[in-house]
Amino acid sequence: MGKNLDALLKEERIFKPDEELVSNSNIKQWMDMHGIKNYDELLEKSAANPEWFWDEMARDLVWFEDYNEVLEWKAPHASWFLDGKFNIAYNALDRHIKSGRKNKLAYIWESEKGEVRKFTYFELYREVNRLANALKKMGIKKGDRVSIYLPMIPELPIAMLACARIGAVHSVVFSGFWAKAFQERAKDAQSKVAITADGFYRRGKLLKLKDTLDEVMEHIPSLEKVVVVKNTHCDLDMKKGRDVYWEEVIQNESMECSCEEMDSEDPLFILYTSGTTGKPKGVLHTHGGYAVGASTTLKFVFDIKDQDIWWCAADIGWITGHSYIVYAPLILGATSVMFEGTPDYPDPGRFWEIIEKYGVSIFYTAPTTIRLFMKYGEKWPQKYNMNTLRILGSVGEPINPEAWMWYHQHIGNRKCPIMDTWWQTETGMHLITPLPITPLKPGSAVKPFPTIKAEIKDDEGNTLTKGGGHLVIKNPWPAMFRTLFGEPERYVESYWSKFPDTYLSGDVARLDQDGYYWIQGREDDVLNVAGHRISTAEVESALVSHPSVVESAVVGKPDLLKGEEISAFVVLGEEYQADPQLKNELRDHVRKEIGPIASPSYIGFVDDLPKTRSGKIMRRVIKAKVKSEDVGDTSTLANPESVDALDRAI
Ligand code: WTA
């Protein structure tokens, strides 16, 4: 990180947007309609009257009954589009069926093995309705929770939309997480139904998803039914009365299902994300505001038009996929590519082959993927014709200028602007981001989206105009999360209590002389490993749940490819030997408890962890050691000798 940061501070290159792209862009056309002359005026006008801006945007969607008020803000609680009757699934499907987009492709899906399935809006609508009817038969009603544990197959968006349609609240759990993580999340959400698949292939290897659920099912008391997609047709045990096949339950269902009229503020989904304690946070989003925020940002930031082929190469198990593979592109009636596999399987040309094959025009991925491709070299993208590309995007972590330049040059052929979008599970939509009309600086997320009032603050709450500090947001936005499921106090305490009526993002950022934002990373004990949020506490508790581990401390170690890697220091019980075999066993254990992404790259055995006299682990000292930085003041340590022991363990 240190090295990246230095490079960022020296970055002075500016890339002006292409004039033709600007004049044809959705945002420019909207500005022209409202007599707005330039970017500065756009930001000023929208900041002066956010409700006017969002009211304009909401008018593009279909409301069963109009809202009476755009916003009610009783900090930290916002309600958007009050009394409006709405359903996001209706906006994603029904309204296209009634328009010229009925037979337009919604998804072009490709599996890891190269199979292709295509869905028009009409086909997708019918599949969603059939599952929605089946869920209703299982007793699922408005407000009930359904946990979804599916790989990147078309049944995943279908399941989400089916829930939304009948007013059920979906909670998708990333299929790369393992059973324990699913158990914890489904139990917390008190889900009645789980939707999963027999298995899926990852790098050619079969992973049996349903089997892992069988291990934990008895610990989720609320669970009544498990719907299983026959994806790989591998053998599995089906428990009578509880487990049913997707294909069988939808077989005789009608292709019509009425859409539940939801209140704008009714919950749409819960998505669990890592917080600073071990317990994941159940981030809750709603129908109305989320739909407006997600679709508006996709329309203006990525400039989606009817003829575009959009590819957001994220996993739907994360917020990026929820907002920009499922809901926003469908609301806009776009054609999306959906890809099940990994970027470099069977070879590092896979992504570029897909871009060529489908003529992708807008492509959105994460810096870690770009760095992976840099490692393989430009000979891979050079093999493919990617002339159809017009805009690129980046999300998940700061993009270092070298990666930005490589992406721009070798993928974007020096002509595609890169939208470096900063946002979070909690924000639901891009908050700090370029637009196709803004000049770009490699490594900067540019400025807040229209209406968003971002600031950088020091610890005392003073607003900074230079230097780094807490990145905060001063006003509400429609796609903001409304609470943490089941933990309303934690919502207030984690996000809104450090500075009054101000949203604390948990990131550190810096402003430059042009008012551009440079995001520098998390400031709390949340790691960002290859763009995935993982809490140190979660990994620590997984380690400690192994019989050999008495205590552990987990910190991030800067890594050129992944941003951060997980380093764990572990104190073993007396009867255990510190040997390499045990390290592997611990890695496996974390993999089973949370998932492969959380498995530590480094494990060091120590006799003791640096602690304060009150017994608190001094993470700051451990972090400094891992980064080979000066450990600073250690006078408050109860056991200074433990610091040198860290060195030996690394
Ligand atoms: C980081 C992902 C720098 C940041 C959408 C944030 C970024 C966390 C960027 C949220 C970006 C996301 N530049 N950092 N463009 N985008 N981040 O909830 O630390 O999975 O707090 O949402 O990712 O991760 P989450």
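Order of appearance sets the numbers: ligands from 1, and atoms from 1 within every ligand.
Counted within 6.0 Å of CD on Q409, heavy atoms from surrounding residues, nucleotides or ligands total more than 12; the atom is thus considered enclosed.
Below 4.0 Å from some heavy atom of P398 lie the following atoms of ligand 1, by number and element: 3 (C), 13 (N), 14 (N). Listed by atom number, the atoms of ligand 1 under 4.0 Å from N528 heavy atoms are 1 (C), 23 (O). Distances below 4.0 Å separate heavy atoms of I319 from the following atoms of ligand 1: 2 (C), 5 (C), 22 (O). Applying the 4.0 Å criterion to heavy atoms of D420 picks out, from ligand 1, the atoms 11 (C), 13 (N), 15 (N). Using a 4.0 Å cut-off to heavy atoms of T320, the atoms of ligand 1 that qualify are 5 (C).
Counting heavy atoms under 4.0 Å from ligand 1, residue A445 does not touch it at all. For I519, every heavy-atom contact with ligand 1 shorter than 4.0 Å involves the side chain, none the backbone.
I316 contributes atom CD1, which lies 11.0 Å from atom OG of S323 (distance to the nearest 0.5 angstrom).
With respect to K557 and E564, no salt bridge is recorded, no charged nitrogen being found less than 4.0 Å from a carboxylate O. Between K447 and D514 no salt bridge is recorded (no basic side-chain N to carboxylate O distance below 4.0 Å). We find that K279 and E487 are joined by a salt bridge, their nearest charged nitrogen and carboxylate oxygen being less than 4.0 Å apart. A salt bridge does not link E340 to R350: none of the charged nitrogens lies less than 4.0 Å from a carboxylate oxygen.
Applying the ring pair (Phe, Tyr, Trp, His ring centres under 6.0 Å) test to F182 and every residue at least two apart in sequence or in another chain returns Y149. Legend: residues meeting side-chain hydrogen bond (donor to acceptor under 3.5 Å, both in side chains) with Y602, ordered by chain and number and at least two apart, are absent.
Considering backbone and side-chain atoms together, E426 places no N or O closer than 3.5 Å to any N or O of ligand 1. Note: an N/O pair closer than 3.5 Å links D507 and ligand 1 by distance alone. Geometrically, ligand 1 and T421 share a nitrogen or oxygen pair separated by less than 3.5 Å. Some N or O of G396 is nearer than 3.5 Å to an N or O of ligand 1, by distance alone.
Nearest-heavy-atom check against atom 21 (O) of ligand 1 across H532, R533, R522 picks out R522.
Remark: minimum distance from atom 18 (O) of ligand 1 to any protein heavy atom is reached at T425 OG1, 2.5 Å.
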